[in-house]
Amino acid sequence: MKKIAVLTSGGDAPGMNAVIRAVVRTGCENGLEVYGVERGYEGLIKGYFRPMDLRSVSDIINRGGTILYTARCPEFRTEEGMQKAIQTCKENGIEGVVVIGGDGSFRGAKDLSERGIPCVGIPGTIDNDIACCDYTIGYDTALNTIMDAVDKVRDTAESHDRCSVIEVMGRHAGYLALNAGIACGATATLIPEVTVDINQHVIARMQRTMQAEKKHFIIIAAEGACVDVMQLAREIEAKTGVESRATILGHIQRGGSPTAKDRIKATQMGNYAVKKLLMEGIGNRVVACQKEQIVDYDIFEALKMEKTIDMELYRISHEVSI
Ligand code: ADP
Ligand code: F6P
């Protein structure tokens, strides 16, 4: 391949810029022409191509968001939209595409690959919900952002002897919530993978810790657990007598400068996608991080895999938070 493109798709994640940088620099250093596609698959359909060179990715390794912008593009999910994207790639001589995003974006990459435009997916999502990967770009930064925010909430919860119920992102997955629960010493953590009885799991736990002199509490709920945190705070206050407040952390979790881990993994994965795959004429793959090693999978196989939550971690989180 001599001419490749890179795009970011779905929700942005800190570290996407570091991937773009690695893809562009690896391509340029190896004699490829590299184009950035703006606004994900929408840009592929509409031909929003931006020529990239070594300097066009200067000073972005430390920046959150994505310099190529991102989008969710319903049109791309139709055969007509996909054909338009293929046509645009062909008109511009694009021979391969690096798609940075989550599993929705990888489904699009699979469809494109099957229709003659080889794509390589790189997992970029704060949710850490890609089955073939232990780790997705943006997850570590988001987890640390949550930890900083919850630490701040803890200061005020402690000062007022209150309970703070905090909703964190993660879409349908509980990885952010579970690990934030451990890192922040939550009394209870609610995740979509485990159905619990609120009376037993939250109220009774709080009452037990109150007997052990505990006066302030952090409860973490994953958005995917589908708990109304405002309502839960009211219920806790009514049943325990502890004044309670709810906080929805929201999009603050998606922003900010990526951590060292995200920058390093992003750089490794971006380099791998170009050097080990596209330059060798290999597409329809997902780059993944497994046990600290960078590996790759067939996209179709990767999408069929299922990811489970670490139940031992879940057990520990509750055993030590009482
Ligand atoms: P993420 O990549 O973070 O999971 P989305 O699920 O929103 O985010 O997907 C991003 C984009 O990928 C969608 O807006 C759409 O253009 C494309 N996409 C999602 N699912 C499919 C699918 N089944 N087939 C083709 N394209 C898809
Ligand atoms: O996939 C990343 C994510 O931040 C999820 O955690 C969350 O459910 C979703 O995107 C929010 O999407 P939006 O920015 O469209 O509200």
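In each ligand, atom 1 is the first atom listed, and ligand 1 is the first ligand listed. Just so you know, these numbers use all the heavy atoms, side chains as well, and skip hydrogens, waters and symmetry mates.
The shortest side-chain heavy-atom distance between M206 and V242 falls under the 4.5 Å cut-off.
Near Y41, meaning under 4.0 Å from any of its heavy atoms, are these atoms of ligand 1: 12 (O), 16 (O), 17 (C). Per-residue contacts place G108 under 4.0 angstrom from the following atoms of ligand 1 (heavy atoms of the residue considered): 25 (C), 26 (N), 27 (C). In summary, the atoms of ligand 1 found under 4.0 Å from a heavy atom of G10, numbered by their order in the structure, are 3 (O), 8 (O), 10 (C). Against a heavy-atom cut-off of under 4.0 Å, S9 is close to the following atoms of ligand 1: 10 (C), 11 (C), 12 (O). Below 4.0 Å from some heavy atom of G102 lie the following atoms of ligand 1, by number and element: 1 (P), 2 (O), 3 (O), 4 (O). Close approach of ligand 1 to D111 is summarised as follows: ligand atoms under 4.0 Å from at least one heavy atom of the residue are 24 (N), 25 (C). Residue C73 has at least one heavy-atom neighbour below 4.0 Å for each of these atoms of ligand 1: 13 (C), 14 (O), 15 (C), 16 (O).
Protein heavy atom nearest atom 22 (C) of ligand 1, with residue, atom name and distance: R107 CB, 3.5 Å. For atom 4 (O) of ligand 1, the nearest protein heavy atom (residue, atom name, distance) is G104 N, 3.0 Å.
Near ligand 2, R72, T125, I126, D127, M169, G170, R171, E223, H251, R254 each place a heavy atom less than 4.0 angstrom from the ligand.
Figure legend: K291 and Y135 shown without cation-pi pairing, the cationic atom not lying both under 6.0 angstrom from the six-membered ring centre and within 45 degrees of its axis.
Residues F106, V286, I299, L303 make up the rest of the hydrophobic cluster containing I130, defined by ILVMFWY side-chain heavy atoms closer than 4.5 Å, directly or through other members. F76 belongs to a hydrophobic cluster whose remaining members, ordered by chain and number, are L7, Y35, V37, Y41, L44, I45, F49, M82, I86, I94, V97, V99, L112, I117; membership requires side-chain heavy atoms of ILVMFWY residues under 4.5 Å apart, directly or through intermediates.
Both the backbone and the side chain of D103 come within contact range of ligand 1, each with a heavy atom under 4.0 Å.
No donor-acceptor pair closer than 3.5 Å links the side chain of T26 to the backbone N or O of V23. Listed for the T88 side chain is no donor-acceptor partner under 3.5 Å among the backbone atoms of K46. Under the 3.5 Å distance criterion, the side-chain polar atoms of N17 are left unmatched by any main-chain donor or acceptor of I61. Of the possible donor and acceptor atoms, one in the side chain of S113 sits under 3.5 Å from a partner among the backbone N and O of C119.
Pairing each heavy atom of A188 with each of V202, the nearest pair is CB-CG2, 4.2 Å.
Checked against D296 for a salt bridge (Lys or Arg N to Asp or Glu O under 4.0 Å), the options R285, K275, K276 give a single hit: R285.
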Report all side-chain donor-acceptor pairs from residues 157-174 shorter than 3.5 Å, counting only partners two or more places apart or in another chain.
| from | atom 1 | to | atom 2 | distance (Å) |
| --- | --- | --- | --- | --- |
| S159 | OG | D155 | O | 2.8 |
| R162 | NE | E243 | OE1 | 3.3 |

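Going from atom CE of M16 over to atom CD1 of I100 covers 6.5 Å, rounded to the nearest 0.5 Å.
Ligand 1 lies out of reach of E42, whose nearest heavy atom is not under 4.0 Å from it.
Ranked by closest heavy atom to atom 2 (O) of ligand 1, the top entry among P123, A71, S105, G124 is S105. Between the choices K110, M82, R72, the shortest heavy-atom distance to atom 7 (O) of ligand 1 belongs to R72.
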